[in-house]
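A note on names: the letters A, B, ... follow the listed sequences, proteins ahead of strands, and every chain is numbered from 1. Computation of the quantities below employed the complete heavy-atom set of this structure, encompassing side-chain atoms and omitting hydrogens, waters and symmetry-equivalent molecules. In this text the structure is predicted, and so the values were computed from the model without any measurement.
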Amino acid sequence: MPRTVPIKLTVNGVQHELAVEPRRLLVDVLREDLALTGTHVGCEHGVCGTCTVLVNGESARSCLMFAVGADGAEILTVEGLGQGARLHPLQEAFREAQGLQCGFCTPAMLMVAYELLQQNPSPSEEEIREAISANLCRCTGYQSIVEAVQLAAARHAVAGAR
Amino acid sequence: MKPPRFDYLVPRTQDEALAMLAEHGERAKLLAGGQSLIPLLNFRLVQPEALVDINRIADLAYVRERNGGLAVGALTRQHALERSETVRRRLPILAEACRLIGHLPIRHRGTVGGNLAHADPASELPAVMLALDAEFVVVAKGARRMLAARDFFTGVLSTALRPGELLAEIRLPGLPPRTGAAFVEMARRAGDFALVGVAALLTLDAAGRCQQARLALCGVGPTPIRASEAERVLIGEAPRGAALEAAAERAVAATDPPSDIHGSAEFRRKLARYFTRQALETDAQRAGGV
């Protein structure tokens with residue numbers, strides 16, 4: 001029997017007590033144990049960025065963290081952005097500017113955009129591009145994602161959100 | 001794929017970590033930021049019996065002034081180094097190089113010591129450490145030794161660290177007045193590994209000639225490379241034109257770049273020449289501005 005370790009995670013403001021095998025990646029615990037499947041699994045070696053979540057307010061690859069390493073942490077996933085069925089204004093901007101495309105990279109794009117706008121409410125196009133360069137989009141549709149972030153910035157969609 | 005099973009050990013102090021390492025020897029791996037180790041585990045390229053997770057040893061993460069230079073705890077996150085006021089004041093080249101490591105989510109987790117111990121030949125910090133003549137404090141159960149950066153990197157992903165040892169602190173000497181330092185690189189995408197990176201320092205004398213030059217390159221051989229010949233040709237010369245050209249040529253001669261999908265050896269040599277010149281020109285400007 002694999003040995004499990006008890007951990008506590010606060011995910012999107014909700015506290016969870018779990019028992020996890022030490023080798024379980026944070027992304028798998030989020031998706032499989034907590035059924036938060038908005039965070040995606042891509043390359044599992046830190047290149048594609050689709051698993052990006054905020055850990056204690058800072059972006060991190062959840063495929064490059066063990067859930068045991070996140071014991072006690074506060075985690076924000078894409079499910080924590082909106083309120084119930086109501087989209088977060090950043091998500092609205094992605095919808096309007098067609099930054100969604102196939103949707104696979106979208107949750108992580110939203111998380112890095114959210115982090116960027118929190119720290120820098122009116123980023124330049126170059127700063128937006130640098131921030132989202134952490135994430136690969138297989139639709140190669142970066143332009144509309146950049147425009148979505150610009151739209152959100154123009155509306156002060158994130159400033160003071162947390 | 002998913003990581004293999006391992007015994008997960010969480011020391012709360014350095015001594016506890018060293019005892020665990022001594023007990024498990026070669027069968028154990030240290031887990032710091034995990035940004036290089038966890039991909040290797042995910043692909044099962046490494047299968048340690050035990051992982052010693054040092055992330056809870058809070059006193060391994062710090063940046064302090066020391067003898068006019070800096071002492072950096074091995075567990076200091078790359079992003080913390082990048083935004084440290086002390087680093088920006090004392091050795092801004094460190095922040096300049098850190099900013100080019102991976103992407104922000106990687107730098108939030110990735111540690112300085114982990115990056116050095118992983119010893120990727122294309123990685124930025126090892127070259128910067130060579131150029132800064134860094135010294136590494138290496139500890140083991142009941143033992144401690146100092147290793148110069150130039151003796152630390154022994155091959156691709158290989159260092160002089162022995163089983164049971166932990167890289168605890170990086171010591172960086174301060175720089176003399178009228179010194180300029182720069183790190184420049186070319187990568188395919190912001191945050192990717194450098195095809196070629198150059199760390200360069202120049203100290204100018206009162207007449208504006210090179211009193212001291214230090215040059216190290218990454219991405220052009222199995223370890224970061226110190227270009228000593230290139231450093232020599234600069235001494236006593238004004239940092240421009242023919243002298244920089246000669247230095248760039250010697251620097252290229254010191255390299256042994258790989259050819260791969262990202263670029264041929266010839267392309268990397270051209271980049272090494274170009275970026276050596278660019279780094280030295282930036283140094284000269286910065287040294288003059290002091």
Side-chain angles (χ1 to χ4, degrees), chain A residues 1-5 7 20-29 32 41-73 108 111-113 115-116 119-120 126-136 142, chain B residues 1-10 12 29 31-58 75 77-80 82-83 99-111 114 118 120 187-193:
Chain A
M1 266 300 279
R3 217 158 48 87
T4 60
V5 175
I7 60 166
V20 296
E21 230 193 310
R23 65 172 174 155
R24 296 260 292 158
L25 300 169
L26 177 60
V27 67
D28 293 327
V29 168
E32 292 166 14
V41 187
C43 69
E44 294 189 326
H45 62 129
V47 173
C48 77
T50 57
C51 66
T52 306
V53 298
L54 302 193
V55 178
N56 295 327
E58 293 186 328
S59 57
R61 304 278 203 243
S62 58
C63 80
L64 298 189
M65 274 189 85
F66 292 116
V68 282
D71 185 18
M111 300 319 286
V112 296
E115 178 182 47
L116 172 70
Q119 286 158 10
N120 180 358
E126 200 188 332
E127 287 166 334
I128 295 170
R129 286 185 182 276
E130 187 181 336
I132 69 164
S133 75
N135 298 354
L136 293 178
Y142 300 101
Chain B
M1 274 173 47
K2 301 297 174 189
R5 292 211 174 98
F6 48 78
D7 286 332
Y8 179 68
L9 307 170
V10 195
R12 301 284 160 164
K29 272 261 175 208
L31 173 67
Q35 303 301 286
S36 301
L37 179 58
I38 295 181
L40 293 176
L41 291 165
N42 286 353
F43 285 111
R44 303 207 176 185
L45 293 171
V46 292
Q47 305 210 14
E49 280 177 25
L51 270 192
V52 180
D53 181 347
I54 57 171
N55 281 283
R56 310 273 168 176
I57 308 178
L75 198 65
R77 308 285 164 185
Q78 291 147 11
H79 185 61
E82 176 186 346
R83 67 185 168 190
R99 212 174 155 264
L100 299 170
I101 302 174
H103 307 277
L104 186 59
I106 302 283
R107 299 198 293 276
H108 278 147
R109 298 288 310 159
T111 66
H118 183 63
D120 192 303
R188 288 288 189 193
R189 162 178 76 135
D192 280 3
F193 273 109

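- Counting non-hydrogen atoms of neighbouring residues, nucleotides and ligands closer than 6.0 angstrom, the CZ atom of B/R99 reaches no more than 12 such neighbours.
- The part of B/L31 that comes within reach of chain A is its side chain, from C-beta onward, which places non-hydrogen atoms under 4.5 angstrom from that chain.
- Between B/F43 and A/C43, the shortest heavy-atom distance links the atoms CZ-O, 3.8 Å.
- A 4.5 Å side-chain heavy-atom check between B/I38 and A/R61 finds every atom pair outside the cut-off.
- With hydrogens and angles ignored, the 3.5 Å screen pairs no side-chain donor or acceptor of A/E44 with any backbone N or O of B/K2.
- Between chain B and the residues A/V55, A/N135, A/L136, the largest count of heavy-atom pairs under 4.5 Å involves A/L136.
- Looking at B/L41, only its side chain comes within 4.5 Å of chain A, counting heavy atoms on both sides.
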B/V10 vs A/D71, side chain to side chain contact (heavy atoms under 4.5 Å, CB included): CA-CA, chis, key distance, verdict:
CA-CA 12 Å; B/V10 195; A/D71 185 18; over 6 Å; no
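- Between the side chain of B/D53 and the backbone N or O of A/G69, no donor-acceptor pair lies under 3.5 Å.
- Judged purely by atom type and a 3.5 angstrom limit, B/H108 uses its side chain to pair as donor or acceptor with the backbone of A/S59.
- Of the listed residues A/D28, A/V112, A/T52, the one with more heavy-atom pairs under 4.5 angstrom with chain B than any other is A/D28.
- Scanning all heavy atoms of the two residues, the minimum distance from A/F66 to B/P3 falls at CE2-CG, 3.8 Å.
- Residue A/V68 touches chain B through both its backbone and its side chain, counting heavy-atom pairs closer than 4.5 Å.
- Between A/L64 and B/I106 there is a side-chain heavy-atom pair separated by less than 4.5 Å.
- Interatomic distance, A/R3 CZ to B/D7 CG, rounded to the nearest 0.5 Å: 6.0 Å.
- Looking only at side-chain heavy atoms (C-beta outward), A/M65 and B/N55 stay at 4.5 Å or farther from each other.
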